[in-house]
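Note: hydrogens, waters and symmetry copies are ignored here, and every other heavy atom, side chains too, is used. Both ligands and their constituent atoms are indexed starting at 1 by order of listing.
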Amino acid sequence: MTTLKLQPNKAENQSYNLSNYQESIEGFSWQEVEKQFSWYQSGKVNMAHECIDRHVEDGYGDKIGLHFLNDEEEIKYTFSQLKDKTDHLATVLKNNGVQKGDIVFIFLPKNPDCYIAMIAAVKIGAVVGPLFEAFMEEAIRDRISDCNGRYLITDSDLVKRVPKGDLPTLEKIFITAETEHCEDGEISLKEELRRTKSDENVTEWLDLEDRLNIHYTSGSTGKPKGIIHAHRAMIQQYQTGKWVLDIQEDDVYWCTAHPGWVTGTVYAIFAPWLNRATIVLYGGRFDADSWYSTIEKTKVTVWYSAPTAFRMLKAEGDTILQQYDLSSLRHLLSVGEPLNPEVIHWGIEKLGKRIHDTWWMTETGAQLIVNLPSEVIKPGSMGRPFPGIEVAILDDEGTKQPHGQIGHLSIKAPWPAIMREVWKNKDKYDSYFQFGDWYLSGDLAFQDEEGYIFFQGRSDDMINSSGERIGPFEVESKLIEHEAVAEAGVIGKPDPLRGEIVKAFIVLKKGYENSPLLIDEIRKFVRYKLAAHAAPREIEVLEELPKTKISGKLLRRELKALEQNRLQSN
Ligand code: PRX
């Protein structure tokens, strides 16, 4: 097979934290990485301490840790200020009864309150559960009720989407606003902070195996599952931040994801702060002007985003691009969905930089397959295994496949960031390990002779739209709650911009007529009940859905084939 090879960016005086992949593999050990943490000496473990407080202790208190901006304001926080703010909020939470191991959900937009709340909760040993800001009532209810959540931090706007009446275990709702903007039973954090003296020794010392965070993630069956990580994940999050993000002392780092998605927690907050980076946080929605202007204003050097975002920027054209000075950029990365070679070529042509694809999943806790800045990129490949990570392509029986053969992308467990458990669902956890200690990702891929891995799709029905993971079952369940819908089958339909879009096939109940008005109403029903990103962009009415003859189980694969055939015949 001949593949195009793109050589590393050769800027003058550019050196990378990892200069030689092959050499790093040979001498690599995770135990060596552990020596970078303050707990290696002190025995006192806490991710929040390693992200913020230790930098203050090490003399970097005046360094900017967070540079927030949106269309109205711009605020900078030093690491000292971040320590003070997270200590103070942690004290408030602790005084309000939050203890080690309690789950604290955080439902906030991308703003400093959100980042500070994440670190403050972790500081006192709570398990932080960030919720995506586009979630509506039922997505929130499913997640909080699944783990009997007792605490929630949100704002006076988003709280309107929290179905309090359906969440009897929810004891305290903290609102970031003043008391007059809080309803009965809600606690104003502004007020609490004013009357609470901060305890600068509030940090709870933990074990590496203690729970750190919970991310609900969709699969092809059932409701979203709670994936729990442990504090040990920091070992790998730090090292990938160092070698893959290549964070260096003067870098200004921007990851565009919201913490409700695992990338927005691990690579927008934890990994860069473990590496003492200045993090940029842009608080608005996607918009080419605002994004380019964020890079120009804050002088972003390392930028981690997703293929759909790059494709959207590409589609906006050159005129807008030329209005901004993007020369600060030195290292670009992508994650979440296949990075098509055209986008890599656009990056080289228009931004003068290669885009480095990376692969991982919520369950893996950190990047596992990567393109390093010092190494050759093969467009179309997700890269090679990170040092210390062993990858195999297995067939249906668990036998290793030769180079070039497509099979199940599998990783030898354990690695430091691998999930600790699936919340109250051991069967689900075990389902990833059908072949002993090989973790089955659910992705299909092949590996070439030089170790590069090429993504080939999913082995199940999970949908990936704009890098966001959507479970068809969740959308189908919502659709059939609509009074006009008798049956529903949901698939990912290939889409040039979003990778896939959510497409629903429905059968209407007797007495209902197919009309644009009804279809629009059904789409909005999903949008406003579940979440905007999960609402079908296309809804098609069928007389009946394809099902298995014996058990009557929905055959999504046939719906997918129907779409593929249409695309091919167009
Ligand atoms: O199918 C793969 C796809 O996203 C899935 C994981 O989704 P999630 O848990 O939401 O995590 C996303 C970001 C960490 C994978 O099973 N995926 C992730 N990265 C890539 C990818 N598909 C193709 N190329 C990638 N680089």
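In terms of protein heavy atoms, atom 2 (C) of ligand 1 is closest to Asp443 OD2, 3.0 Å. Counting only heavy atoms of the protein, atom 7 (O) of ligand 1 lies nearest to Arg469 CD, 3.4 Å. Among all protein heavy atoms, the one lying closest to atom 13 (C) of ligand 1 is Thr263 OG1, 3.5 Å. In terms of protein heavy-atom proximity, atom 14 (C) of ligand 1 is closest to Trp360 CE2, 3.2 Å. Protein heavy atom nearest atom 5 (C) of ligand 1, with residue, atom name and distance: Met462 CE, 4.1 Å. Annotation: atom 26 (N) of ligand 1 to nearest protein heavy atom, Thr358 O, 2.7 Å.
Heavy-atom contacts of Asn464 reach the following atoms of ligand 1: 3 (C), 4 (O) (cutoff under 4.0 Å).
Note: an N/O pair closer than 3.5 Å links Asp357 and ligand 1 by distance alone. Backbone and side-chain nitrogen or oxygen atoms of Trp261 are examined, and none is located within less than 3.5 angstrom of a nitrogen or oxygen of ligand 1.
Both the backbone and the side chain of Met361 come within contact range of ligand 1, each with a heavy atom under 4.0 Å. At a heavy-atom cutoff of 4.0 Å, ligand 1 is contacted by the side chain of Phe455 but not by its backbone. Residue Glu337 touches ligand 1 through its backbone alone, judged by heavy-atom distances below 4.0 Å.
A heavy-atom separation below 4.0 Å is not found between Gly442 and ligand 1.
For atom 17 (N) of ligand 1, the nearest non-hydrogen atom from the set Gly457, Gly336, Pro307 belongs to Gly336.
Between Phe28 and Trp243, the distance from one ring center to the other falls under 6.0 angstrom.
With Glu476 as reference, Arg556 is the one residue of Lys503, Arg556, Lys223 to meet the salt bridge (charged side-chain N to carboxylate O under 4.0 Å, His left out) rule.
Side chains of Ser290 and Tyr282: a donor on one and an acceptor on the other come within 3.5 Å.
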